[in-house]
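So the structure is just underneath, and the comments pick up after that.
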There are 2 protein chains.
Amino acid sequence: MTDQSNAAGKPIRTAITDEDGIDFAIIELLFFAYRDFTSDPDQILADYGFGRAHHRVLHFVNRRPGLTVAELLDVLKITKQSLARVLKQLIDTDHIVQLQGPRDRRQRELYPTAKGRALALALARPQSRRIHAALEDSGAADRASIERFLEAMVNPELRAQIDIVPAKISGKSHGDH
Amino acid sequence: MTDQSNAAGKPIRTAITDEDGIDFAIIELLFFAYRDFTSDPDQILADYGFGRAHHRVLHFVNRRPGLTVAELLDVLKITKQSLARVLKQLIDTDHIVQLQGPRDRRQRELYPTAKGRALALALARPQSRRIHAALEDSGAADRASIERFLEAMVNPELRAQIDIVPAKISGKSHGDH
DNA sequence: AAATTACGTCAATAGTACTGACATAATTCC
DNA sequence: GGAATTATGTCAGTACTATTGACGTAATTT
């Protein structure tokens with residue numbers, strides 16, 4: 001069972017390289033970088049009995065206070081049912097509160113509490129430290145080009161989600177359909 | 001239940017910003033970039049009934065043909081049991097073959113088949129296309145600095161894993177403790 | 001011969017995600 | 001005012017990826 005006769009297909013002994021112009025170097029770097037990038041907050045979350053899903057919800061509720069459940073689902077690209085458990089836990093543990101929408105009372109606007117804001121900051125801190133260190137190590141002033149690269153990696157039709165953030169409401173105003 | 005009296009903690013209505021020097025912009029960009037980066041292969045994998053775990057195994061077996069199960073576990077940072085099912089499926093479907101280790105016959109060296117190599121390439125292609133497009137959009141010649149940044153994001157003690165790859169065996173030879 | 005190592009496997013569990021269905025309340029449409 | 005639509009919540013069932021712990025087997029090392 002451990003060695004295959006020949007019906008199975010012969011082993012290829014050469015490493016896959018940048019044949020066909022495939023950029024394996026950066027593909028692999030993204031994997032390693034993201035793996036370690038998320039490992040920082042994962043350790044903190046474990047103390048709370050939370051997972052990565054809680055982190056993402058907490059992050060976006062802090063970034064866009066007052067967003068509705070529907071908007072959050074759209075950003076996270078998960079389903080209502082997946083969000084339900086996570087959101088309920090965050091509300092039960094007093095990290096997030098719901099308020100009735102002012103215009104539409106069916107809507108639940110989500111806001112962080114002081115506790116939720118503190119946790120979001122605690123989770124972001126080691127990540128930010130890692131980013132700063134990496135920016136310095138990689139030769140200083142490239143920050144803008146790193147940002148442009150990452151932004152360009154996002155699906156164009158979803159880039160609007162990025163522009164919603166507070167710091168970036170410059171005079172962009174693209175599209176209103 | 002939907003509106004909180006006051007025992008719960010008051011809602012914070014201001015968005016979290018780069019207070020405390022936290023780099024939320026890049027934190028968020030990394031989330032969006034990685035989300036969309038992995039969405040490409042995810043769609044292909046679904047056709048095979050595979051998940052992201054299969055992709056990772058397939059990738060590294062193609063990148064380092066002949067690696068052992070133990071080495072693969074170390075790179076992926078998962079447990080033997082998590083790998084077991086995934087690896088078995090890839091072997092059963094003829095994407096990967098095991099060979100007895102030449103020196104140590106207890107070891108199983110993992111190799112891709114032609115089928116496994118083809119799938120690895122198919123999965124990498126859209127990712128590579130996205131990377132190239134992003135590199136161009138973000139202003140050309142920054143490729144080296146992007147690589148340096150991503151590499152610097154990886155935990156220093158784990159950077160050795162990156163250097164194992166074929167294309168990079170230059171004269172580095174750091175450490176042989 | 002005994003201990004260790006590499007691997008495989010079984011059992012039980014958890015976290016995150018999914019689809020589909022249904023309920024409730026609020027808004028909008030007619 | 002009644003009907004359709006919308007926003008949200010919830011229940012049931014399922015799947016994938018991951019976990020820990022225990023045990024077995026074969027091969028190597030001591």
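Chain identifiers are assigned alphabetically (A, B, ...) following the order of the sequence lines, protein sequences preceding nucleic acid strands; residue numbering begins at 1 within each chain.
- Rounded to whole Å, atom C1' of dT20(D) lies 14 Å from atom CD1 of Ile78(B).
- When the P atom of dC16(D) is taken as reference, atom CG of Leu76(B) falls 19 Å away, rounded to whole Å.
- When only modelled atom types and interatomic distance are considered, Arg35(A) and Asn155(B) share no side-chain donor-acceptor pair under 3.5 Å.
- A close approach under 4.0 Å does not occur between any side-chain nitrogen or oxygen of Arg108(A) and OP1 or OP2 of dA7(D).
- In this structure, the ring of Phe60(A) has its center less than 6.0 angstrom from the ring center of Phe32(B).
- Gln127(A) CD to Ile44(A) CD1: the interatomic distance, rounded to the nearest 0.5 Å, is 8.5 Å.
- Phe24(B) and His59(A) have tilted rings, their planes meeting at an angle from 30° to 60° on a 0 to 90° scale.
- Note on Thr79(A): a side-chain N or O is less than 4.0 Å away from OP1 or OP2 of dC18(C).
- Checked against the 6.0 Å centroid criterion, the rings of Phe31(B) and His55(A) do not qualify as a close aromatic pair.
- Rounded to an integer number of Å, the gap from CZ of Arg52(B) to C1' of dA17(C) is 11 Å.
- No donor-acceptor pair under 3.5 Å is formed between the side chain of Asn62(A) and the backbone N or O of Ala120(A).
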* Check step by step if side-chain contact (heavy atoms from CB on, under 4.5 Å) holds for Leu29(B) and Glu147(A). => CA-CA 7 Å; Leu29(B) 280 171; Glu147(A) 279 193 10; 4.0 Å; yes
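- As a whole-Å value, the separation of Asp42(B) CG from dC18(C) P is 11 Å.
- Figure legend: Arg13(A) and Tyr111(B) shown as a cation-pi pair, the cationic atom lying under 6.0 angstrom from the six-membered ring centre and within 45 degrees of its axis.
- Under the 3.5 Å distance criterion, the side-chain polar atoms of Asp104(A) are matched with a main-chain donor or acceptor of Arg106(A).
- Here dT17(D) presents its P atom at 13 Å from NE2 of His55(B), a figure rounded to the nearest Å.
- Taking every heavy atom of both residues into account, Leu76(A) and Arg56(A) meet most closely at CD2-CB, 3.8 Å.
- In this entry the distance linking CD of Gln81(B) with P of dT20(D) reads 8 Å, nearest Å.
- Atom pair His54(A):NE2 and dG15(C):C1' shows a separation of 9 Å (rounding to whole Å applied).
- A straight line from CD1 of Ile96(A) to P of dG9(D) spans 12 Å, rounded to a whole angstrom.
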* Structure fact -> Quick tally for nucleotides 24-29 of chain D: nucleotides whose base has a protein heavy atom under 4.0 Å get B, sugar-phosphate-only ones S, the rest -, giving --BBS-
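- Relative to the side chain of Arg56(A), the nucleotides dG9(D), dT17(D), dT16(C) differ in distance, and dT16(C) lies closest.
- Side chain of His54(B) to main chain of Gly51(B): a donor-acceptor pair is present (N/O by atom type, distance under 3.5 Å, no hydrogens or angles).
- Counting only Watson-Crick and G-U wobble pairs whose two key distances fall under 3.5 Å, DNA chain D forms stems of three or more stacked pairs at C:1-30 with D:1-30.
- Near-neighbour residues of DNA chain D inside residues 65-74 of chain A, defined by a heavy atom below 4.0 Å, number-ordered: Thr68(A), Val69(A), Ala70(A).
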